[in-house]
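Have a look at the structure below, then the notes.
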Amino acid sequence: MTPPKIALVTGASRGIGAAIAQQLASDGFAVAINYAHSQAEADALVAVLHDQGHQAMAVQADVADAAQVRAMFEAVESALGRVDVLVNNAGILKPAPLADTSDALFDQTFNTNTRGTFNTLREAAQRLNDGGRIVNFSSTALVLKLPGYAIYNASKAAVEALTQVFAKELRGRNITVNVVAPGPVATGLFLNGKTPEQIATFAKMPPLERLGQPEDIAQVVSFLVGPQAGWVNGQVLRANGGLA
Ligand code: NAP
């Protein structure tokens with residue numbers, strides 16, 4: 001039997017990342033589940049995947065910290081092997097008008113969303129197996145241009161820019177680098193701090209008239225890292241029910 005390919009999913013303790021880890025495990029990958037703080041959730045997901053007969057591990061690292069990201073890759077390589085698929089899902093959203101954004105909030109948003117992606121991409125350049133796949137995460141918020149999203153959108157615009165150049169810099173390695181940019185998805189990141197009325201307004205916006213579910217996005221990632229998407233490279237896929 002050929003050994004499974006290895007997928008490393010950042011921010012996989014909860015939300016979309018957890019659904020991606022479950023989906024990629026079902027697709028046959030051995031999965032490394034990165035988390036920053038939610039160890040109990042990450043361990044519980046590993047236990048579920050083990051019960052299903054999949055290979056999985058949890059690995060703690062703050063993606064904003066380059067040394068921790070390096071140690072994360074080393075831990076995954078020791079336990080599972082060299083990484084074939086990197087999914088840069090870890091991210092934060094703390095909407096605030098630009099004028100009210102503190103230096104600390106600006107730094108936190110860019111350090112997690114942008115520097116976090118940069119840190120893992122830089123490691124992946126040395127460490128990913130040839131023929132691998134990378135999926136980064138942006139947001140449909142970028143094209144909605146709603147007030148309160150200036151800093152978040154800027155951090156995600158940078159992720160799209162990194163992706164499109166990095167895809168070219170990996171020439172000759174047969175590695176694709178793409179972006180998924182979800183619309184509103186029913187996770188803590190979107191739901192926390194919103195009134196039921198605000199949530200209902202967002203849910204009505206796409207012509208499909210519902211919020212996305214984590215599994216909707218996990219299936220898109222499954223496509224992008226699978227054999228059928230081998231000719232898709234350097235692209236942004238806005239998975240949002242037709243919202244924008
Ligand atoms: P979520 O439910 O809040 O989960 C975020 C995950 O990221 C958690 O597992 C969290 O782990 C992890 N994380 C946060 N900061 C981290 C760090 N510094 N290092 C490592 N892990 C970290 O968020 P989500 O909705 O699933 O979002 C996933 C991605 O989709 C994000 O990039 C987000 O910007 C993007 N997105 C989401 C939506 C949406 O509506 N939900 C829409 C568009 C784009 P801990 O709990 O351990 O900290």
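Counting starts at 1 for both ligands and their atoms, in listed order. Since this is a predicted model, take the numbers as computed values, not measurements.
In this structure, the side chain of Asn119 engages the main chain of Ala64 through a donor-acceptor pair within 3.5 Å. Distance alone, capped at 3.5 Å, is enough to place a donor-acceptor pair between the Lys156 side chain and the Phe137 backbone. Judged purely by atom type and a 3.5 angstrom limit, Glu41 has no side-chain atom pairing as donor or acceptor with the backbone of Arg14. No side-chain donor-acceptor contact under 3.5 Å links Asp100 to the backbone of Ala96.
Looking at atom 7 (O) of ligand 1, its nearest protein heavy atom turns out to be Gly11 CA, 3.4 Å. When only non-hydrogen protein atoms are considered, atom 38 (C) of ligand 1 lies nearest to Leu189 CD2, 3.9 Å. Nearest non-hydrogen protein atom to atom 26 (O) of ligand 1 is Ile16 N, 2.8 Å. Of the protein's non-hydrogen atoms, the one nearest atom 48 (O) of ligand 1 is His37 ND1, 3.1 Å. Nearest protein heavy-atom neighbour of atom 28 (C) of ligand 1: Asn89 OD1, 3.1 Å. The protein heavy-atom contact nearest to atom 36 (N) of ligand 1 is Tyr152 OH, 3.7 Å. Closest protein heavy atom to atom 30 (O) of ligand 1: Phe137 CD2, 3.5 Å. In terms of protein heavy-atom proximity, atom 44 (C) of ligand 1 is nearest to Ser138 O, 3.3 Å.
Considering backbone and side-chain N/O atoms, Gly17 never comes within less than 3.5 Å of an N/O atom of ligand 1. Ligand 1 has a nitrogen or oxygen under 3.5 angstrom from a nitrogen or oxygen of Ser13. Checked against a 3.5 angstrom limit, the closest N/O atoms of Lys156 and ligand 1 fall inside it. Below 3.5 Å of separation, one finds no N or O of Ile92 facing any N or O of ligand 1. Every N/O-N/O distance between Pro182 and ligand 1 stays at or above 3.5 Å. An N or O contact shorter than 3.5 Å links Ala36 to ligand 1 by distance. Checked against a 3.5 angstrom limit, the closest N/O atoms of Pro184 and ligand 1 fall outside it. Among the atoms of Ser139, none of the N or O lies under 3.5 angstrom from an N or O of ligand 1.
Defined by atom type and a distance below 3.5 Å, a donor-acceptor pair is present between the side-chain atoms of Asn240 and Thr140. Between the side chains of Glu215 and Gln22, no donor-acceptor pair of N or O atoms lies under 3.5 Å. In this model, a donor atom of one side chain and an acceptor atom of the other lie less than 3.5 Å apart for Ser222 and Asp27. Side chains of Glu74 and Ser78: no donor on one and acceptor on the other come within 3.5 Å.
Residue Thr187 touches ligand 1 through its side chain alone, judged by heavy-atom distances below 4.0 Å. Here Ala61 has backbone heavy atoms under 4.0 Å from ligand 1, and that is the only part of it that gets that close. Proximity of Asn34 to ligand 1, defined as any heavy-atom pair under 4.0 Å, is confined to the side chain (atoms from C-beta onward). Heavy atoms of Ala42 found under 4.0 angstrom from ligand 1: none, in either backbone or side chain.
Interatomic distance, Ile20 CD1 to Gln219 CD, rounded to the nearest 0.5 Å: 11.5 Å.
Within the listing of ligand 1, atoms 40 (O), 42 (C) sit less than 4.0 angstrom from a heavy atom of Gly183. Near Gly15, the atoms of ligand 1 lying under 4.0 angstrom from a non-hydrogen atom of the residue are 2 (O), 26 (O). Heavy-atom contacts of Tyr35 reach the following atoms of ligand 1: 47 (O) (cutoff under 4.0 Å). Near Asp62, meaning under 4.0 Å from one of its heavy atoms, ligand 1 places the atoms 17 (C), 18 (N), 19 (N).
Between Ser155 and the choices Thr117, Asn113, Thr112, the side chain to side chain donor-acceptor pair (under 3.5 Å) rule is met once, by Asn113.
Counting non-hydrogen atoms of other residues, nucleotides and ligands closer than 6.0 Å to NE2 of His50 gives a total above 12. In this structure, Arg115 places its CZ atom where only 12 or fewer heavy-atom neighbours from other residues, nucleotides or ligands lie under 6.0 Å away.
Taking the six-membered ring for Trp and thresholds of 30 and 60 degrees, Phe110 and Phe106 have nearly parallel ring planes, at less than 30 degrees apart.
Between Asn178 and Asn136 the shortest side-chain heavy-atom distance does not fall below 4.5 Å.
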